[in-house]
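Heads up: the structure comes next, in structure tokens.
In what follows, every heavy atom counts, from backbone to side chain, and hydrogens, waters and symmetry copies are set aside. In what follows, chains are A, B, ... by sequence order, proteins preceding strands, each numbered from 1.
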Amino acid sequence: MVNQKPLIAIVGPTASGKTGLAIRLAKKINGAIICADSRTVYRGMNIGTAKPTNDEMGGVAHYMLDLVEPNDAFTLYDFQRLVNKYIHEIRGKGQVPFLVGGSGMYIDSILFDYQLGDEPDKLLRQKLDKMNNTDLLSLIKEQHTEVPINYDNRRHLIRAIEQGGVNKNRRKSIINNAYVVGISTDKNVIEQRIRDRVNIMLDAGFVDEVRNLVEKYGDQEPFRNNLYGEVQKYLRNELTYDELIERMVIVDRQLAKKQMTWFRRNEQIEWLNIDAAEKRISQILISS
RNA sequence: GCUGGGAUAGUGAAGCGGUCAAACACGGCAGACUGUAAAUCUGCUGGCUCAGCCUUCGGGGGUUCGAAUCCCUCUCCCAGCA
């Protein structure tokens with residue numbers, strides 16, 4: 001592995017154009033795309049996740065899409081394990097792996113090589129799920145395990161109990177032979193792109209997609225919130241069609257904002273506009 | 001044209017003489033977060049020279065020690081009658 005290709009991570013908020021950019025680059029320099037997205041792993045969640053269509057992929061290999069059913073558990077651990085495997089495989093073929101997506105924690109699990117422990121005990125999890133926050137906190141104190149910073153966040157409480165503390169193995173810098181480029185975007189531009197995309201999704205049959213998913217799987221977490229959640233409200237007649245459009249715009253804007261909050265933690269992201277990003281990545285790949 | 005109802009911060013909406021810069025929700029801003037993360041959770045959200053002060057509750061005028069809250073009047077909306 002003398003001449004191993006670098007890992008190119010392309011991050012950015014939803015609707016920033018990272019997918020399109022990655023496909024262009026991958027075509028140009030023989031790359032493969034790994035989708036770093038917590039929702040496109042689910043089969044059937046296509047329109048609302050802006051999952052690239054076969055047409056859009058243009059023959060570029062895409063990994064991590066359609067891995068599980070929406071009612072299957074899919075965690076950070078699964079993501080990390082598979083992505084690392086695919087990075088290895090892609091490099092083995094002499095191709096450049098592009099890690100592209102907007103799921104900050106998932107991306108960091110690769111870039112910062114999170115050391116995740118053993119799989120949590122399912123029975124314990126079931127038991128903890130039934131407890132309220134107060135009891136979870138008492139249990140943590142009883143066990144003298146470290147109380148998480150967000151002690152109002154029950155997920156963190158549950159995790160603290162499962163791992164007997166808080167995992168603090170955060171590396172200071174990203175792994176070797178990797179570059180992270182962030183697609184910087186003007187807020188107003190994103191707003192407009194989101195709005196346009198909402199209409200495109202709706203025209204493409206997004207409402208039917210959600211209806212079918214709910215019929216088939218019930219109300220699963222992957223489609224409880226965000227775009228999917230709003231359509232569910234519409235299906236329950238809690239929103240008019242016009243209200244649905246506005247809510248979808250709001251909820252997607254909020255997603256973009258939350259994504260940015262996560263990305264700001266990583267000081268090694270090179271923020272560039274889409275054209276500059278394309279040049280920069282091409283330059284990295286030529287010199288490596 | 002008459003009769004009722006209403007106009008409250010970015011929006012919706014409480015408040016109906018003092019404890020109101022004004023509940024709550026939404027929206028917005030900022031943040032935390034290593035196992036469902038597009039999750040979950042936290043703080044802020046009139047202005048300022050910020051433990052205090054100033055300007056707000058459609059406009060104007062009154063009553064009162066004191067008004068978003070009472071009275072008069074004007075403007076605009078909604079409903080019923082013409």
* C1' spacing across the pair B/G5 / B/U40, given as an integer number of angstrom -> 44 Å

* How is A/Thr14 classified with respect to the nucleic acid when contacts are heavy atoms under 4.0 Å: base, sugar-phosphate, or nothing? -> nothing

* To do: Write down the distance separating the C1' atoms in B/A67 and B/C76, rounded off to the nearest Å.
  => 23 Å

* **Touch class at under 4.0 angstrom, heavy-atom based, for A/Gln80 against every strand present** => nothing

* Pick the P atom in B/G17 and in B/C71, then give their distance to the nearest Å. => 11 Å

* Looking only at atom P, what distance separates B/C26 and B/U42, rounded to whole Å? -> 12 Å

* Asked: With a 4.0 Å cut-off on heavy atoms, is A/Asp113 in touch with a base, just the backbone sugar-phosphate, or nothing at all?
  -> nothing

* Distance between P atoms of B/C78 and B/U45 (Å, rounded) -> 36 Å

* Asked: Within a radius of less than 6.0 Å around CD of A/Glu267, do more than 12 heavy atoms belonging to other residues, nucleotides or ligands occur?
  -> no

* B/A38 base to A/Asn225 side chain: any donor-acceptor pair below 3.5 Å? -> no

* Determine the interatomic distance between C1' on B/A32 and the same-named atom on B/G15; round to the nearest Å. => 35 Å

* Separation of A/Asn153 atom CG from B/U40 atom P, in whole Å? -> 9 Å

* Asked: Base, sugar-phosphate, or nothing: which does A/Arg253 touch, judged by heavy atoms less than 4.0 Å apart?
  -> sugar-phosphate

* If you measure from the C1' atom in B/A7 to the same atom in B/C16, how many Å do you get, rounded? -> 15 Å

* **Donor-acceptor under 3.5 Å (A/Arg159 side chain, A/Val166 main chain)** => no

* Asked: Heavy atoms under 4.0 Å, any strand shown: does A/Gly48 hit a base, just sugar-phosphate, or nothing?
  -> base

* Asked: If you look at every strand shown and take non-hydrogen atoms under 4.0 Å, does A/Asp108 touch a base, only sugar-phosphate, or nothing?
  -> nothing

* Asked: Base, sugar-phosphate alone, or nothing: which one does A/Gln220 contact when heavy atoms must sit under 4.0 Å apart?
  -> nothing

* Single-linkage hydrophobic cluster, 4.5 Å side-chain cutoff, A/Met105 and A/Leu7 together -> yes

* Is the number of heavy atoms from other residues, nucleotides or ligands within 6.0 Å of CG (A/Asp118) greater than 12? -> no

* Asked: Rounding to the closest angstrom, what is the interatomic distance between B/G58 and B/A13 at atom P?
  -> 14 Å

* Asked: Heavy atoms under 4.0 Å, any strand shown: does A/Lys187 hit a base, just sugar-phosphate, or nothing?
  -> sugar-phosphate

* Asked: Is the distance between the ring centroids of A/Phe206 and A/Tyr228 less than 6.0 Å?
  -> yes

